[in-house]
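Chain naming here is simple, since letters A, B, ... match the order of the sequence lines and numbering starts at 1 in each.
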Amino acid sequence: MSSNEQIAHIANNFLRTIIDEDLKSGKHNSIVTRFPPEPNGYLHIGHAKSICINFGLARDFGGRCHLRFDDTNPAKEEQEYIDSIKESVRWLGFDWGEHLYYASDNFEQLYQWAVFLIEQGKAYVEDLNAEQIRAYRGTLTEPGKDSPYRSRSVDESLDLFSRMRAGEFPDGTRVLRAKIDMASPNINLRDPVLYRILHTPHPHVGDAWKIYPMYDFAHGQTDAIEGITHSICTLEFESHKPLYEWFLDNLPVPARPRQYEFARLNLTYTVMSKRKLQELVQLQIVSGWDDPRLPTLEGLKRRGYTPASVKNFCEQIGVGRSDSWIDVTNLEECVRADLNITAPRAMAVLRPIKLIIDNYPVGQVEEMLAANHPQNPEMGSRSINFSREIWIDADDFMEIPSKGFHRLSPGGEVKLRSSYIVKCTSITKDKNGDIVELHGEYDPASREGIHTSDGRKVKGVIHWVSAAHAVTAEVRLFDRLFSDPNPDRGGADYKQFLNPSSIETLSNCKLEASLSCADSETRYQFERTGYFRIDPKDSTSDKMVFNRIVTLRDTWNQK
RNA sequence: AGGGGUAUCGCCAAACGGUAAGGCAACGGCCUCUGACGCCGUCAUCUCUUGGUUCGAAUCCAGGUACCCCUGCCA
């Protein structure tokens with residue numbers, strides 16, 4: 001394990017405290033957690049937090065973590081999502097081993113328990129329609145009213161429920177409800193719906209069922225069946241906890257899991273809800289679920305984020321119960337930290353301007369030795385061709401340099417990284433006054449170090465690529481998808497905050513020759529500009545496409 | 001308005017009655033053939049607020065205030 005894969009440092013948090021105590025007191029000998037996604041969409045960075053919490057806790061406390069699909073609503077779920085979710089969890093580096101489960105594996109047991117509840121007089125078949133149920137439910141401040149069907153006989157409910165299962169009734173005509181308390185201040189306890197009729201095939205169990213359990217009736221019991229000790233979910237389920245416990249109290253379940261809640265992740269400059277992500281995809285505002293600008297795990301993966309960086313991010317932000325907004329820069333810092341250690345360096349000119357070195361012999365080529373990593377000699381070195389005509393980045397030249405600019409300008413000198421010091425002697429412009437090319441002279445004695453032959457020290461070091469040896473590629477520069485820290489914020493349509501320059505495609509970038517055999521696994525630091533990786537989808541041998549994962553920090557441009 | 005939560009540095013987050021950890025950011029400085037990286041240093045007399053208990057409170061009590069979640073046959 002290389003140092004960057006080690007988790008930064010393990011901070012204490014309330015979940016660890018609870019588990020510590022449960023283990024110490026002997027309440028549990030070992031812990032079992034689970035990551036329970038509904039397969040109705042792709043995973044995003046918020047899910048990564050949950051995955052890291054659940055798998056991380058199991059790892060750190062010597063327990064195990066299950067991957068369980070919470071697949072109780074076939075109307076929204078698809079096999080495609082199941083596959084993608086598994087892949088994303090694996091990508092993060094977690095392994096559920098033998099413990100892959102589906103809530104739907106328990107449908108028969110759940111059905112039997114529903115029958116048990118009816119027999120106990122604790123559930124009944126409801127004939128009211130959805131609208132009527134809503135009306136009877138009352139409001140936040142007013143109690144609800146009992147349904148007229150609440151007092152129907154056990155036998156009648158039993159009969160109706162089995163016929164619901166048999167598919168005798170159309171969708172929406174009846175539901176099974178728990179008989180709890182229509183006056184409860186907690187609305188979730190006002191006779192919640194347990195089963196609804198849905199003549200829809202299910203991605204995992206096919207068309208075996210015409211009725212499907214609701215989340216509340218499935219989750220806790222499934223936890224119990226799997227022997228989950230700590231059922232960790234997000235805060236919005238807190239008001240469901242009394243219901244979760246009501247089922248465990250009233251059913252002959254084999255274990256007694258406990259639910260704990262934590263605050264979900266919010267990230268600035270993006271949206272996280274499945275609905276909005278889906279809309280961005282459907283409206284083709286982004287290219288797909290794996291668009292590199294999206295906070296989806298597939299998007300981050302395609303962009304070039306490393307699993308280690310995402311895991312470190314999750315570790316770094318901690319776990320709490322207060323609503324929090326994490327600044328995206330935290331995520332960006334995590335990839336930089338990882339890639340700074342692992343990424344080999346290379347030179348690439350994104351916005352090329354030609355620099356002709358007039359005093360360098362025509363046709364001569366020299367091999368310059370460049371370290372692949374300045375702090376890690378073990379990563380070796382490579383040779384780079386130098387010749388009379390080179391490309392430099394437009395950003396590294398200013399005709400009228402601003403104060404403090406220490407790159408190239410007329411009459412000025414700059415060190416070409418791993419090569420010579422050059423001086424700009426003239427500018428060639430076209431009739432519009434635009435720069436066509438630059439001319440300069442090199443100092444033959446300046447190959448080593450940053451001192452000129454007469455002993456002066458040059459301030460700037462810039463990257464370059466030999467024109468004769470360069471490989472042309474497309475580079476995609478990504479920026480935040482939204483220009484507002486919280487595009488989700490009240491009222492307004494989040495789409496109005498879309499950042500018009502969230503992607504900039506540069507099609508004439510000049511890369512050093514060694515990059516021509518770049519593979520899609522290697523992330524490079526293009527020196528002085530950022531971290532890049534081949535786009536695994538669009539890059540071809542004819543036309544290489546690189547994605548910018550993240551920029552380097554730039555304290556100069558910041559000012 | 002009913003129920004359930006949460007309030008500690010710009011953003012996260014520890015601290016469990018004993019006198020405010022840590023990370024990120026920021027700011028100084030050093031180093032540097034990446035204005036990157038690295039290194040050194042600075043960064044809450046104070047914990048939403050008002051009272052109270054106590055030798056002692058971010059931690060306990062009482063009253064305010066702000067924000068979040070709950071009225072799907074979604075999860």
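- Within 4.0 Å (heavy atoms only), Gly404(A) reaches at least one base atom of the nucleic acid.
- Under the 3.5 Å distance criterion, with hydrogens and angles disregarded, no donor-acceptor pair is assigned to the side chains of His463(A) and Arg345(A).
- Per the geometry, CZ belonging to Arg407(A) stands 11 Å off C1' belonging to U34(B), to the nearest Å.
- Nucleotides C43(B) and G28(B), compared at atom C1', are 11 Å apart to the nearest Å.
- Checking C74(B), C33(B), U6(B) against every side-chain atom of Lys76(A), the shortest atom distance belongs to C74(B).
- Residue Arg190(A) places no side-chain atom within donor-acceptor reach of the base of U71(B), judged by atom type and a 3.5 Å distance cut-off alone.
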Requested in this report: Begin with the C-alpha distance, continue with both residues' side-chain angles, and end with the deciding distance and a verdict on ring-ring contact (aromatic ring centres under 6.0 Å, His included) for Tyr212(A) and Tyr195(A).
Outcome: CA-CA 6 Å; Tyr212(A) 292 94; Tyr195(A) 270 90; 8.7 Å; no

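- The nucleotide A26(B) finds its pairing partner in U42(B), both defining distances of the Watson-Crick or G-U wobble pair being shorter than 3.5 Å.
- Using a 5.5 Å limit on the distance between ring centres and a 30° limit on the angle between planes, the aromatic ring of Tyr215(A) does not count as stacked on the six-membered base ring of A75(B).
- Residues Asp171(A) and Asn13(A) both approach RNA chain B. Their nearest nucleotides, taken by heavy-atom distance, put Asn13(A) toward the 5′ side.
- Cation-pi check for Arg174(A) over Phe169(A) is met; the charged atom lies under 6.0 angstrom from the ring centroid and within 45 degrees of its normal.
- Of the residues Arg177(A), Arg150(A), Lys179(A), the one that meets the side chain to side chain donor-acceptor pair (under 3.5 Å) test with Asp191(A) is Arg150(A).
- For Ser322(A), the side-chain atoms get nearest to A7(B) when compared with the rest of A7(B), C74(B), A75(B).
- The side chain of Thr141(A) approaches A1(B) more closely than any other nucleotide in the set U34(B), G35(B), A1(B).
- Within 4.0 Å of Val193(A), counting heavy atoms only, lie sugar-phosphate atoms of the nucleic acid but no base atom.
- Distances were taken from every side-chain heavy atom of Val175(A) (C-beta onward) to each of C73(B), U6(B), A14(B); the shortest belongs to C73(B).
- Among the atoms of the strands shown, only primed sugar atoms or phosphate atoms (P, OP1, OP2) are found under 4.0 Å from some heavy atom of Thr72(A).
- Side-chain proximity of Thr555(A) to the nucleotides C33(B), G35(B), A15(B) is greatest for G35(B).
- Side-chain N/O atoms of Arg528(A) and base N/O atoms of G35(B) include no donor-acceptor pair closer than 3.5 Å.
- Backbone-only engagement by Val319(A) is indicated by non-hydrogen atom pairs under 4.0 Å involving sugar-phosphate atoms exclusively.
- At the heavy-atom level, Glu38(A) lies under 4.0 Å from the strands shown only through sugar-phosphate atoms.
- Within the 4.0 angstrom heavy-atom criterion, base atoms lie near Ser418(A).
- Nucleic acid contact for His406(A): base, since at least one base atom lies under 4.0 Å from a heavy atom of the residue.
- Side chain of Arg553(A), nearest nucleotide from C73(B), G3(B), A36(B): A36(B).
- Considering only side-chain atoms of Arg417(A), the nucleotide from A14(B), G3(B), C33(B) that sits closest is C33(B).
- A donor-acceptor contact under 3.5 angstrom links the side-chain atoms of His240(A) to the base of A75(B).
- Residue order along RNA chain B, read from the 5' end via each residue's closest nucleotide, puts Leu140(A) first among Leu140(A) and Pro36(A).
- Among the heavy atoms of the strands lying under 4.0 Å from Glu527(A) is at least one base atom, whether or not backbone atoms are also near.
- Looking at heavy-atom distances under 4.0 Å, Gly320(A) makes contact with sugar-phosphate atoms alone, never a base.
- Here Arg134(A) lies in heavy-atom contact (under 4.0 Å) with sugar-phosphate atoms only.
- In this structure, Tyr195(A) reaches neither bases nor backbone, as no heavy-atom distance under 4.0 Å exists between it and the strands shown.
- An OP1 or OP2 oxygen of A75(B) is reached within less than 4.0 angstrom by a side-chain nitrogen or oxygen of Arg196(A).
- Set against C74(B), C12(B), C70(B), the side chain of Ile187(A) has C70(B) as its closest nucleotide.
- Residue contacts for Pro374(A): at a heavy-atom cut-off of 4.0 Å it reaches a base atom on one of the strands shown.
- In this structure a side-chain-to-backbone donor-acceptor pair under 3.5 Å is missing from Trp289(A) to Tyr42(A).
- Across all strands shown, U34(B) forms no Watson-Crick or G-U wobble pair with both distances under 3.5 Å.
- Ranking C68(B), A75(B), U71(B) by closeness to the Thr139(A) side chain, first place goes to U71(B).
- Relative to the ring axis of Tyr124(A), Arg152(A) does not place its NZ or CZ within 45° and under 6.0 Å from the centre.
- Taking 3.5 Å as the limit, the base of U34(B) and the side chain of Gln525(A) contain a donor-acceptor pair of atoms between them.
- Of the candidate nucleotides G35(B), A26(B), U6(B), G35(B) has the atom lying nearest to any side-chain atom of Val461(A).
- One P atom belongs to U45(B), the other to C9(B), and the distance between them is 11 Å to the nearest Å.
- If you check U6(B) for Watson-Crick or wobble pairing at under 3.5 angstrom, you find it paired to A66(B).
- Across all strands shown, G51(B) forms a Watson-Crick or G-U wobble pair with C61(B), both key distances being under 3.5 Å.
- Tyr494(A) carries Lys276(A) over the face of its six-membered ring, with the cationic atom under 6.0 Å from the centre and within 45° of the normal.
- Using a 90° window around 0 for the glycosidic torsion, G35(B) falls outside it and is classed as anti.
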